[in-house]
Amino acid sequence: MSEFFQQYFDFTVMGDYFGEVLDGFFKNLLVFVVAAVLALIWGLILALIRQLPGKKFMPLRGLTIAYIDVFRAVPILIVILLISGSLPFLDFLPKSIRIPQWFGQPDPYWYGVMALTLVYGAYMAEVYRAGIEAVPGGQVEAARSLGMTHGQAMRHIVVPQAVTKIPAPMLNELISLLKDTTLVGVIALGESVLIGREIQSETFNSSAYILAGVMFLVITLPMARLVDYLIKRNRGRVTRGSHMEVA
Amino acid sequence: MATEAMVKLEGIHKRFGPLDVLKGVDIEIAKGEVVCVLGPSGSGKSTLLRCVNLLEPPEEGEIFVAGNDICKGPNSGSGEQGWKLDFVRQRVGIVFQQFNLFPHKTALQNVTLAQETVLGRSSAEARAKATELLERVGLGDRLGQYPETLSGGQQQRVAIARALAMDPEVMLFDEVTSALDPELVKEVLDVMRELAEEGMTMIVVTHEIGFAKEVADRVVFMDGGVIVEEGPPAQVLESPREERTKQFLGLVLER
C-alpha cells in the first residue's frame, strides 16, 4: 500500500522537482494568457462577421461558418502539429513568421499560441453568438429606428449586452484552454506535463504528474466555482426581472 | 391636405411567407395631423406602422415621406440597402409597445446615444437636449436611473424622449400603452396629447378609444390588411358605416 502511495505521492520527488515543474507550469500559464486574449479577440471578430446583414456579405458569412465548423471539429493536436510541421518550410514567408521567436519566446511557444488561438477563436465565436442571439430583437430595432447603422447598433447596443450574458460559458472555455496548453508539450515546449514526463522516465515515479495536476487544480478550481457563482447570480437576476414585469 | 402630405402610402402590400398582412393600403397624412389607427389584432395595423419607417420594407407600393419616395433608393431593389434608410430614420421616430430601452444605459444615456452617434452632436449638446426632453416628459429627476429601476410608464416616457431627441418630423406610436398597467396609461397618453397639441405629425396605433376620440384628427379602422373605414373620430367611433367597425367597437367598448 505504501508502495502504491509512494508511486503517486512521493514527497521527496515532489520536493526535489518542484521548481522544474513550476517553471513548466508558468509556461502553460504564459501560453494560456496570450492565447486567451487572442482567442477572445479573434472569436469576437468571427462572431461579428457572422452577424453582418444582407446578401452582399453572404460569401463572407459562409466562409466564417465553414471556418468555425472545421476548427471545432478537428483535434487540436492536429492543428498544433500541422502548424509547427509546415510553417518552417513555407519559404515564401519571411523567416520571422516561419520560425517566430517574438518577445524572447521560442518558436514552439508561438506555434502553440497560434494553434490554440485558431481553435479557441472558433469556440469563442460560438459563445459570443449565443450572447448576441440572447439580446432581444427589439434592441436592434430600437437602435436602427434611431438611425444607427448595423455597426453602431452592434457596438453600442448588442455587444455590450451580449458580453454580460456569457461570462459563465466563456470561463468554461478558458478552463479548457488552460488544460489544452499541455498539448504544446508535444512540440517540445517545456511545459509542466512534458517536464513531468521527463521526471517520470528518470525516477520511475509519477509524483511529478500529480504535482503538475495540483497546480492546474489551484487555478481551475476557483474558476469553476466562479462559473457556478455566475450562473447562480444570473438565474437570480432573471427571476428578479420577471417579478418586476409582474409587479 | 393633398398639397402638404407628410406621409403618403400608395398600394402597400406586405407578406410574411404565405401570409398577406397588408393587401393594398393607401393613406395620406398631412403635416401636423394626428391619425389613430384602430383594428383587431392581426389586422395589419402594426405592420403598416413599421412599413412607414422601413422596419418592414413593403413588397409592393410606394411610401413618400416629406415628398420623398423612400422606396426608391440609390440601388433600389433587394433588401434594406435599396431603401433610403438614413433619410427615413432621421425624420420618422417610433415608440414601441415594449419600450425597448437600452437596459445598460441610464435614462439620460438612452436619449443622448443616438444624438451623438447618428447626428454627430457634441456630448454637451446632446446632454442639454436630452435633459430638456426628459424634463418635458416629467422625468427631470430620473436622469441617472437605469430602465429596470423605472416603472413601465416612466420607461415609455423615456422612449418617447429618445425618439424626439432626433428631431423627427413624424412620430409613430405602436400600441405604446398596451404593455402598461392601467394606472400608468394616463401619464403616457398625457405626453402624447401635449405632443399632438404642439403640432407633431403622429400616427398612433392604439386600443385607447377615448384617446382617439379626444386627440385624433382622423381615425382609421383596419381589418384583414385593408383600411375598412376612415374619417373624423366622431363619425367613425360614434356612427360607423361599416359592419366590421361596428362589431369591433362593440367588443372594445363592452369592456
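Reminder, nothing fancy here: chain letters follow the sequence lines and each chain counts from 1. Note that the structure is a prediction, hence the values are computed from the model and not measured.
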Identify whether the distance between the nearest side-chain nitrogen and carboxylate oxygen of A:Arg50 and A:Glu126 falls below 4.0 Å.
->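 Counted as a salt bridge, because a side-chain N and a carboxylate O are separated by less than 4.0 Å.
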[X] versus [Y]: any side-chain heavy-atom pair under 4.5 Å?
| X | Y | answer |
| --- | --- | --- |
| B:Val137 | B:Leu133 | no |
| B:Met6 | B:Ile203 | no |
| B:Gln90 | B:Leu119 | yes |

Please look at [X] and chain A and tell me whether the side chain, the backbone, both or neither of the residue comes under 4.5 angstrom of a heavy atom of that chain.
| X | answer |
| --- | --- |
| B:Arg162 | both |
| B:Leu101 | backbone |
| B:Phe102 | both |
| B:Val95 | neither |

Given that the side chain runs from C-beta out, which part of A:Gln152 has a heavy atom under 4.5 Å from chain B: side chain, backbone, both or neither?
->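 A:Gln152 touches chain B through side-chain heavy atoms alone.
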Going by the angle between their ring planes, with limits at 30° and 60°, are A:Trp42 and A:Tyr67 parallel, tilted or perpendicular?
->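 Perpendicular.
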For the candidates A:Ser145, A:Pro160, A:Pro136, A:Ala143, which exhibits the highest count of non-hydrogen atom pairs separated by less than 4.5 Å from chain B?
->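 Option with the top pair count is A:Ser145.
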Quick one: which of B:Ala179, B:Pro103, B:Ala163, B:Ser151 has the most heavy-atom pairs under 4.5 Å with chain A, could you say?
->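 Highest number of heavy-atom pairs under 4.5 Å: B:Pro103.
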Counting heavy atoms not belonging to B:Arg127, are there more than 12 under 6.0 Å from its CZ?
-> no
